[in-house]
Protein chains: 2
Amino acid sequence: MPDADGHPEVEEMRFGDVLAALADPHRRSVVAELLDQPEGTERTCASFGLPVSKSTLTYHFRVLREAGLIRQVNRGNSRKVTLRGADVDQRFPGLLQMVRDEAP
Amino acid sequence: MPDADGHPEVEEMRFGDVLAALADPHRRSVVAELLDQPEGTERTCASFGLPVSKSTLTYHFRVLREAGLIRQVNRGNSRKVTLRGADVDQRFPGLLQMVRDEAP
DNA sequence: TTGAAGGTATGATCAATTGCGGACCTAGAT
DNA sequence: ATCTAGGTCCGCAATTGATCATACCTTCAA
């Protein structure tokens, strides 16, 4: 069962959902950017500079979160995004490397 | 440039298109089934037994074809489907193995 | 206590995806 | 000549996806 914020466990991550999440260029760019930074780097949703409104931003990060690609935790004021790199690697080895290789 | 039937060259295959094509369960099952058979196996679209109409079948195979995952060639009477296994492996190493691992 | 920064929720809109039936095409079999 | 199998193409309907504006919530800082 996913937690209250919709984070699935590693075993619960579904391939179709992950593929669909990564199929969108905006969402893939978020993952690619996180891959390019040190493990565990925390970012705000807004810090990725996606050219969409705040509410659309929320939508995209929800898709990524519910697919299991990112984690979002409350840090008082803001809500920080981290890549679930180890989890994704465990469930779908090689997939994130593909995203990294594809990055522009 | 893709050929007249919409088959992209290896270098032209786009990650987003491939991910979107594989995100659909029907289409992923086609790829999984082809992966489970000898290299170069030729199949008709209908032989996969997808629970959709003929016209919907055409649509799904077009998505797979234009993403670069399958090849469709005229064989007189029918039109045969083959997996572009080597091409996909060259462009996105490890991706097809993921589909295989996920198959039920 | 007021304001600002960061997010969420809701409801609407518009585009893309998925689906269908039906008309049609081509090649092989009858 | 006609039939059939396998597919395509063309509308069209239904669903899902992406987007926005607006209103709202929470926490920190002034």
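Naming: A, B, ... by sequence-line order, numbering from 1 per chain.
Per the geometry, NZ belonging to A:Lys80 stands 15 Å off P belonging to C:dA5, to the nearest Å. Note: CG (B:Leu50) to C1' (D:dG7) measures 15 Å, nearest angstrom. Atom CZ in B:Phe61 sits roughly 11 Å away from atom C1' in D:dG7 (whole-Å rounding). When the C1' atom of D:dG7 is taken as reference, atom CZ of B:Phe48 falls 14 Å away, rounded to whole Å.
Relative orientation of the A:His60 and A:His26 rings is perpendicular, given thresholds of 30° and 60° on the angle between their planes.
Formation of a donor-acceptor pair under 3.5 Å by the B:Arg27 side chain with backbone atoms of B:Ala20 is found in this model.
Residue B:Thr58 is classed as a base contact, given a heavy-atom separation below 4.0 Å to a base.
Across all non-hydrogen atoms, the minimal contact from B:Arg91 to B:Val10 is CD-O, 3.0 Å.
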Produce a footprint string for nucleotides 17-30 of chain C: one letter per nucleotide, 5' end first; B if the base is under 4.0 Å from any protein heavy atom, S if only the sugar-phosphate is, - if neither. SBBBBB----B---
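Remark: B:Arg79 is in phosphate contact with D:dT8, judged by side-chain N or O atoms under 4.0 Å from OP1 or OP2. In this structure, B:Gln72 does not reach the D:dG7 phosphate: none of its side-chain N or O atoms is under 4.0 Å from OP1 or OP2.
The salt bridge (charged side-chain N to carboxylate O under 4.0 Å, His left out) test with A:Asp5 is passed by exactly one of A:Arg62, A:Arg71, A:Arg79: A:Arg79.
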Give every donor-acceptor pair under 3.5 Å between a side-chain atom in residues 95-104 of chain B and any protein atom, sequence neighbours left out.
| from | atom 1 | to | atom 2 | distance (Å) |
| --- | --- | --- | --- | --- |
| B:Gln97 | OE1 | B:Arg100 | NE | 3.4 |
| B:Gln97 | NE2 | B:Asp101 | OD1 | 2.9 |
| B:Arg100 | NH1 | B:Leu35 | O | 3.2 |

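For the atom pair A:Phe61 CZ and A:Leu50 CG, the distance stands at 6.0 Å (nearest 0.5 Å).
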